[in-house]
Amino acid sequence: MEKTDDFVKQITKKSEDFSRWYTDVIKRAKLADYAPIKGVMVIRPYGYEIWELIRDQLDRMFKDTGHQNAYFPLLIPESLLKKEAEHVEGFAPEVAWVTMGGSEPLEERLAIRPTSEAIICSMYAKWIKSWRDLPLKINQWTNIVRWEKVTRPFLRTTEFLWQEGHTAHASCKEAEEETLSILEIYKTFIEKYLAIPVITGLKSDSEKFAGALKTYCVETLMPDGKSLQAGTSHHLGQNFSKAFGIRFENKNQELEYAWQTSWGVTTRLIGALVMVHGDDSGLILPPEISPVQTVIVPISRGDWKETILPQAENIYHELKQNNIRVILDDRDTYTPGWKFSEWEVKGVPVRLELGPKDLEKKQVVLVNRINRDKKFVPVENLVETLKKLLADIQSELLSRARAFNASQTHIARTESEIIDIIETRRGLVKTAWCGSPQCEIPIKEKASATIRAILDQPDSQFEKCAICGKAPRHTVIFAKSY
RNA sequence: CGGGGCGUAGCGCAGUCUGGUAGCGUAUCGGUUUUGGGAACCGAGGGUCGGAGGUUCAAAUCCUCUCGCCCCGACCA
């Protein structure tokens with residue numbers, strides 16, 4: 001056990017220093033590198049490939065549910081940003097401004113988008129005039145700048161990539177349905193593809209999006225016991241339509257303000273992948289989202305280029321034809337052992353080894369990244385065997401993470417229990433809440449934990465609010481967060 | 001924005017206390033032998049010691065100022 005952990009060098013142990021481990025893995029796996037600007041990172045090709053896979057899959061899901069992509073400008077005039085009062089107040093501290101055009105000061109300064117509600121709503125006001133124009137469901141894949149004080153690669157950077165969906169509807173009910181259906185897409189995607197279990201729920205008023213009526217969220221638990229908000233879906237009500245004048249004439253010939261939603265997930269998802277699945281040897285990527293699902297390492301000895309390589313190439317083509325993302329590492333400049341370590345750092349779920357002994361026995365060696373289990377399998381039916389192994393790894397990662405979540409979810413019935421659990425064990429604390437903002441304050445002040453989600457289904461085991469003792473209205477999850 | 005840590009070869013670091021020829025590991029380049037868990041040996045290249053100013057015969061080292069990065073908090077996806 002101890003010995004195997006040392007195959008990969010130069011990564012701090014996950015159990016020793018979690019933060020350091022996290023940044024070590026990102027650097028060693030070449031996901032990202034620090035850029036010469038404070039809080040800004042370069043997403044390197046390997047990291048970007050993961051983002052592309054996330055993007056492609058979500059994009060299909062959005063399009064299948066009637067959304068279209070568009071592109072709105074990076075720069076937002078200050079006057080537009082100021083139209084929705086709560087919105088500007090929420091974002092003001094982290095907006096970056098353009099004040100000069102060449103050497104001339106601008107008459108009105110321009111915000112670099114911290115989110116695009118303002119610019120998009122200003123356009124929606126032009127485009128929406130009739131109930132026939134609704135619903136309008138547009139998404140964009142883009143970059144965002146928020147001047148954050150503390151940054152960490154993927155989890156919080158000054159500039160990041162995301163998708164933001166912005167929809168307008170004819171009724172409150174329809175907007176609510178849209179908000180919830182997107183929440184469901186996020187949940188499905190994160191669990192099925194990223195193999196990360198999620199908790200969905202509503203944000204309390206103190207945590208909701210600036211300008212929203214309601215914010216639903218997807219929360220995920222990280223190995224250090226902190227909760228990471230992995231996605232949000234906001235029901236904006238008529239707050240923005242009133243501020244921006246998005247009105248339509250309904251079927252009864254009355255003017256009405258549109259009901260809106262907005263929702264997004266970011267490159268932060270990559271950070272979650274790293275933390276949830278990785279180990280002391282580096283990344284472990286779920287097959288569904290891994291840029292390389294299988295790496296073929298030919299054992300290079302003697303006349304391997306004449307004997308082993310041709311067979312490795314045959315296998316490569318067969319797997320590729322069967323839609324397995326595979327690469328053949330035929331570099332003769334590195335030894336097999338070096339390659340093993342390298343691909344482990346990069347989290348490739350299955351390694352396929354092919355050497356002289358295997359050639360003789362008409363077999364290959366399949367190595368599972370999770371536990372380094374070796375299986376000698378016949379070349380015949382390889383595609384089937386491999387697909388099964390990939391599926392097993394995918395489900396093993398999810399069930400492993402689920403088991404961890406279950407073990408880190410604690411029940412608390414009083415304020416002191418909540419604080420005690422947060423301080424000694426961290427993790428998620430399930431408790432009851434009366435709904436008053438006053439009752440969130442002591443937990444935040446004493447344990448710096450907040451309500452991460454108000455659960456859809458109240459748990460009947462709770463008889464009173466943990467803080468004030470009044471009748472509970474909600475079952476909630478308290479946790480420290482990223 | 002508070003607390004702590006760190007800037008020396010691509011990367012990881014020693015050297016700083018006590019000033020005196022800028023080093024180690026790894027990576028890189030060339031050569032030979034190797035290759036089933038990061039190969040071995042021989043040789044080579046690579047530095048304005050984060051920046052500016054000062055003290056000194058002499059500064060990576062001492063003093064002053066400054067910039068940047070990381071970690072932990074408070075705030076945010």
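The base-pairing partner of B:A22, taking Watson-Crick or G-U wobble contacts with both distances under 3.5 Å, does not exist among the strands shown. Judged by Watson-Crick or G-U wobble contacts below 3.5 Å, the nucleotide B:C6 has B:G68 as its partner. Base pairing analysis places B:C41 opposite B:G31; the two distances defining the Watson-Crick or G-U wobble pair are each below 3.5 Å. B:C1 and B:G73 make up a base pair, with Watson-Crick or G-U wobble contacts both under 3.5 Å. B:G46 is unpaired under the Watson-Crick or G-U wobble criterion, no partner having all donor-acceptor distances under 3.5 Å. Taking a pair to require two hydrogen-bonding distances under 3.5 Å in either a Watson-Crick or a G-U wobble arrangement, B:C17 remains unpaired.
In this structure, A:V297 reaches neither bases nor backbone, as no heavy-atom distance under 4.0 Å exists between it and the strands shown. If you check every strand for non-hydrogen atoms under 4.0 Å, A:I144 touches nothing. Note on A:Q229: only backbone sugar-phosphate atoms sit closer than 4.0 angstrom, heavy atoms only; bases stay farther off. Within the nucleic acid shown, A:K444 comes within 4.0 Å of sugar-phosphate atoms alone, with no base atom in reach, counting heavy atoms only. If you check every strand for non-hydrogen atoms under 4.0 Å, A:T220 touches nothing. Nucleic acid contact for A:K339: none, since no nucleic acid atom lies under 4.0 Å from a heavy atom of the residue. Backbone-only engagement by A:S448 is indicated by non-hydrogen atom pairs under 4.0 Å involving sugar-phosphate atoms exclusively. Within the nucleic acid shown, A:R351 comes within 4.0 Å of at least one base atom, counting heavy atoms only. A:P93 comes within 4.0 angstrom of no nucleic acid atom, judged by non-hydrogen atoms across all strands.
Of the residues A:V297, A:V364, A:V365, A:D358, the one that meets the side chain to side chain contact (heavy atoms under 4.5 Å, CB included) test with A:L352 is A:V364. For the side chain to side chain contact (heavy atoms under 4.5 Å, CB included) with A:F189, the lone residue among A:L269, A:I196, A:V198, A:V218 that qualifies is A:L269. When the options A:H166, A:Q163, A:E178 are evaluated for a side chain to side chain donor-acceptor pair (under 3.5 Å) with A:H67, the one that passes is A:E178.
At whole-Å resolution of the value, OH in A:Y34 and C1' in B:G10 are 17 Å apart.
Rounded to whole Å, the P atom of B:C17 lies 14 Å from the corresponding atom of B:U21.
A cation-pi arrangement, defined by a distance under 6.0 Å to the six-membered ring centre and an angle within 45 degrees of its axis, is absent between A:R156 and A:Y482.
Side-chain polar atoms of A:R452 and A:T450 form a donor-acceptor pair below 3.5 angstrom.
With respect to the salt-bridge test (charged N to carboxylate O, under 4.0 angstrom), the residues A:E159 and A:R146 do not qualify. The pair A:E344-A:K346 does not meet the salt-bridge criterion, since no charged nitrogen lies less than 4.0 angstrom from a carboxylate oxygen.
The residue among A:P153 and A:R20 whose nearest nucleotide of RNA chain B lies closer to the 5′ end is A:R20. Mapping A:D358 and A:G231 onto RNA chain B by nearest heavy atom places A:D358 at the nucleotide closer to the 5' end.
When each of B:C76, B:C72, B:A74 is scored by its nearest atom to the side-chain atoms of A:S19, the top-ranked nucleotide is B:C72. With B:G38, B:A74, B:U35 as the candidates, the nucleotide lying closest to the side chain of A:V150 is B:A74. Taking every side-chain heavy atom of A:E342 into account, B:G38 is the closest of B:C71, B:C1, B:G38. In the set B:G37, B:G73, B:G36, B:G37 carries the atom at the smallest distance from any side-chain atom of A:R372. In the set B:U35, B:A74, B:C76, B:C76 carries the atom at the smallest distance from any side-chain atom of A:E94. With distances taken from any side-chain atom of A:R152 to the nucleotides B:C71, B:C76, B:G36, the minimum falls on B:C71. Comparing B:U35, B:G38, B:C75 by their closest approach to the side chain of A:S341 singles out B:G38.
No donor-acceptor pair closer than 3.5 Å links the side chain of A:S233 to the backbone N or O of A:W263. At distances below 3.5 Å, at least one donor-acceptor pair connects side-chain atoms of A:Q293 with backbone N or O atoms of A:P287.
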Filtered N/O pairs between nucleotides 39-42 of chain B and protein, under 3.5 Å:
from, atom 1, to, atom 2, distance (Å)
B:A39, OP2, A:T335, OG1, 2.6

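Between the side chain of A:R28 and the base of B:G38, at least one donor-acceptor pair of N or O atoms lies under 3.5 Å.
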inquiry  = ring-ring contact (aromatic ring centres under 6.0 Å, His included), that's the test. Do A:W51 and A:W141 meet it? Break it down for me.
reply    = CA-CA 11 Å; A:W51 180 239; A:W141 291 93; 5.8 Å; yes
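Annotation: side-chain hydrogen bond (donor to acceptor under 3.5 Å, both in side chains) contacts involving residues 325-335 of chain A, sequence neighbours excluded, comprise A:K305-A:D332, A:D329-A:R331, A:D329-A:W343.
Near-neighbour residues of RNA chain B inside residues 201-218 of chain A, defined by a heavy atom below 4.0 Å, are absent.
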